[in-house]
Amino acid sequence: MTALQQHLLDTYRAARLSRPAPPPPGRHDVTALRNLYRRLRPTTSTSSPSGTTSSPSGA
């Protein structure tokens, strides 16, 4: 079953039960991908103050 067929079936069921129709397929794809990109994007580490090194002493 394709996404469009599933959406039509869900819309039909919602109408029969007097419930709001579901959002169309792909409606939130951009938001989901943006959130995924933000989560996976490398972030800069702010744990050590700038100008200091984290190398062990004596090396």
Side-chain angles (χ1 to χ4, degrees):
M1 181 177 292
T2 66
L4 179 58
Q5 292 170 336
Q6 183 65 47
H7 174 67
L8 292 173
L9 182 61
D10 292 342
T11 302
Y12 171 76
R13 288 178 181 161
R16 298 267 306 177
L17 298 172
S18 300
R19 295 188 178 169
R27 166 87 184 200
H28 303 290
D29 287 354
V30 173
T31 304
L33 289 174
R34 185 180 302 126
N35 291 338
L36 180 64
Y37 173 75
R38 287 179 183 163
R39 174 174 265 193
L40 296 178
R41 182 177 55 184
T43 58
T44 57
S45 173
T46 58
S47 61
S48 63
S50 61
T52 61
T53 60
S54 59
S55 62
S57 61

Side-chain hydrophobic cluster, 4.5 Å single linkage: members besides L36
L40

Kindly compute the distance separating CD (Q6) from OG1 (T11), expressed to the nearest 0.5 Å.
9.5 Å

Compare every heavy atom of A14 with every heavy atom of P20, then report the nearest pair and how far apart it is.
O-CB, 3.6 Å

Kindly compute the distance separating CG (L4) from CG (L8), expressed to the nearest 0.5 Å.
4.5 Å

Separation of H7 NE2 from M1 CE (nearest 0.5 Å)
13.0 Å

